[in-house]
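Keep in mind that what you see is a predicted model, and the values were worked out from it rather than measured.
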Amino acid sequence: MPASPWLRIGGWVALPLGLLALGWGLFSRPPSTSMAVEPAQPPRPDAPVTFVGDSLTAQGDWQVAFPDRVVFNQGVSGDTSFQLMARLPQIRRTGAGTYLVMVGINDIVWGYDPGRVAARIQWLRTGLQIGTGARVIIQSTIPCARFRCGADGVRRVAELNALLASQTPPRDFVDLTPVMADGEGLRRAYTVDGVHLNAAGYGRWAARLRELGLP
C-alpha cells in the first residue's frame with residue numbers, strides 16, 4: 001500500500017509532507033530570510049481575489065468593497081499564523097490570482113515571538129505562490145489599541161511589521177499602520193473593542209487598498 005502524502009499530528013492537524021518539508025526549510029533559516037518566489041507572470045485581471053487572515057479579515061465584506069472582482073474571504077476568527085499554515089491547501093483551492101494576507105494579532109496576544117510569526121507568514125506567502133503564479137500581498141498586522149493590549153503589545157506588533165516590511169518585496173507589501181493606527185495603537189475611531197474593527201475601520205482599510213490600485 002503506498003505511503004500517504006499526509007501527516008497527522010496530534011490526531012487533528014493534517015499537512016502534506018511536501019508542505020511540511022517546505023516549512024522545515026524555512027524554519028531552519030534565520031527569521032529575517034525570506035523564501036518568497038516571484039510570480040512568473042502578472043495575475044489575470046479577471047482572476048479571483050482571496051483575502052486571508054483571522055477575524056479582522058473574516059468580518060470584512062470584501063465582495064461589497066470590491067464589487068468589480070470575484071472575491072473569496074478566507075478569514076477565520078481566532079486564527080494565528082499556525083492555523084493559516086494548516087489551512088494552506090484550502091486557501092489555494094480558491095484559485096486566486098491575488099491573495100491579500102493580514103494576520104498576526106492573535107500570535108502577539110498568545111505571546112509568540114515576532115520573528116517566528118514573520119517567518120510563518122513568509123512561509124505562507126511562498127506556499128501560495130509555488131505552482132500558482134499568484135501575486136501574494138502581505139499587509140502589515142493591524143495593531144491592537146494600547147488600552148486593550150498595553151504598550152508592550154503595541155510595541156511587539158510594530159516589531160512584527162518591521163520584519164514583514166524588510167522580508168517582503170516592496171511592491172507586495174502594504175503598510176496599513178499609517179492609516180489605521182496612531183501613537184496609541186489602533187485608532188479609537190476605527191475599533192469596537194481595541195482589536196476588532198467597526199464600519200469606519202473597514203472603510204479606511206478598503207480605501208487604502210484602492211489608493212494603491214489594489215487588488
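- In this structure the side chain of Gln59 reaches within 4.5 angstrom of the side chain of Tyr202, judged on heavy atoms.
- A donor-acceptor distance shorter than 3.5 angstrom exists from the side chain of Asn106 to the backbone of Asp79, with no hydrogens or angles considered.
- No side-chain donor-acceptor contact under 3.5 Å links Arg208 to the backbone of Met180.
- Proximity of a side-chain donor or acceptor of Trp62 to a complementary backbone N or O of Thr57 within less than 3.5 Å is detected.
- Residues Ile137 and Pro215 have side chains not in contact (no heavy-atom distance under 4.5 Å, counting atoms from C-beta outward).
- Linking Ile, Leu, Val, Met, Phe, Trp and Tyr residues whenever their side-chain heavy atoms come within less than 4.5 Å leaves Val154 and Leu160 in two separate clusters.
- Ion pair Arg156/Glu159 not flagged as a salt bridge, since none of the NZ, NE, NH1 or NH2 atoms sits closer than 4.0 Å to an Asp/Glu carboxylate oxygen.
- Phe66 and Phe51 have parallel rings, their planes meeting at less than 30° on a 0 to 90° scale where 60° marks the start of perpendicular.
- Hydrophobic clustering places Trp123 together with Phe173 (ILVMFWY residues linked when any side-chain heavy atoms are closer than 4.5 Å, directly or through intermediates).
- Side chains of Trp205 and Leu176 form a contact here, defined as non-hydrogen atoms less than 4.5 Å apart.
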Side chain to side chain contact (heavy atoms under 4.5 Å, CB included) evaluation trace for Leu209 with Gln139: CA-CA 10 Å; Leu209 295 178; Gln139 303 168 94; 3.6 Å; yes

CA sep, side-chain torsions, deciding dist, call: Ile142, Leu186, side chain to side chain contact (heavy atoms under 4.5 Å, CB included): CA-CA 7 Å; Ile142 296 176; Leu186 180 58; 3.8 Å; yes

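- Counting heavy atoms from C-beta on, the side chains of Thr141 and Ile108 never come closer than 4.5 Å.
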Evaluation steps, side chain to side chain contact (heavy atoms under 4.5 Å, CB included), between Leu197 and Leu56: CA-CA 7 Å; Leu197 303 180; Leu56 293 173; 4.0 Å; yes

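- Side-chain N or O atoms of Thr191 include none that pairs as donor or acceptor with a backbone N or O of Arg188 at under 3.5 Å.
- The number of heavy atoms from other shown groups lying within 6.0 Å of CZ (Arg210) is above 12.
- Pairs engaging residues 156-185 under the disulfide bond (SG atoms under 2.5 Å apart) rule: none recorded [sequence neighbours left out].
- At a cut-off of 3.5 Å, with distance as the only test, a side-chain donor of Thr80 or Gln83 sits close to an acceptor on the other residue.
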Candidate pair Arg125 and Asp172, rule side chain to side chain contact (heavy atoms under 4.5 Å, CB included), full reasoning: CA-CA 10 Å; Arg125 181 172 186 268; Asp172 291 333; 2.9 Å; yes

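- Applying the disulfide bond (SG atoms under 2.5 Å apart) definition to pairs two or more places apart or across chains, none involves residues 162-208.
- Taking a 4.5 Å side-chain heavy-atom cut-off between Ile, Leu, Val, Met, Phe, Trp and Tyr, the cluster of Phe72 extends to Val70.
- With hydrophobic clusters built from ILVMFWY side chains whose heavy atoms lie under 4.5 angstrom apart, Val49 shares a cluster with Leu212.
- The cationic atom of Arg92 (NZ for Lys, CZ for Arg) does not lie both less than 6.0 Å from the six-membered ring centre of Tyr99 and within 45° of the ring axis.
- The shortest side-chain heavy-atom distance between Leu128 and Ile91 falls under the 4.5 Å cut-off.
- Distance alone, capped at 3.5 Å, is enough to place a donor-acceptor pair between the Gln63 side chain and the Arg69 backbone.
- Contact check for Ile121 versus Leu124: no side-chain heavy atoms found under the 4.5 Å cut-off.
- A donor-acceptor distance shorter than 3.5 angstrom exists from the side chain of Asn73 to the backbone of Gly60, with no hydrogens or angles considered.
- A side-chain donor-acceptor contact under 3.5 Å links Asn198 to the backbone of Ala189.
- In this structure, Tyr112 and Phe82 have perpendicular ring planes: the angle between them is above 60°, well past the 30° mark.
- A donor-acceptor pair under 3.5 Å links the side-chain atoms of Asp107 to the main chain of Ser81, judged by distance alone.
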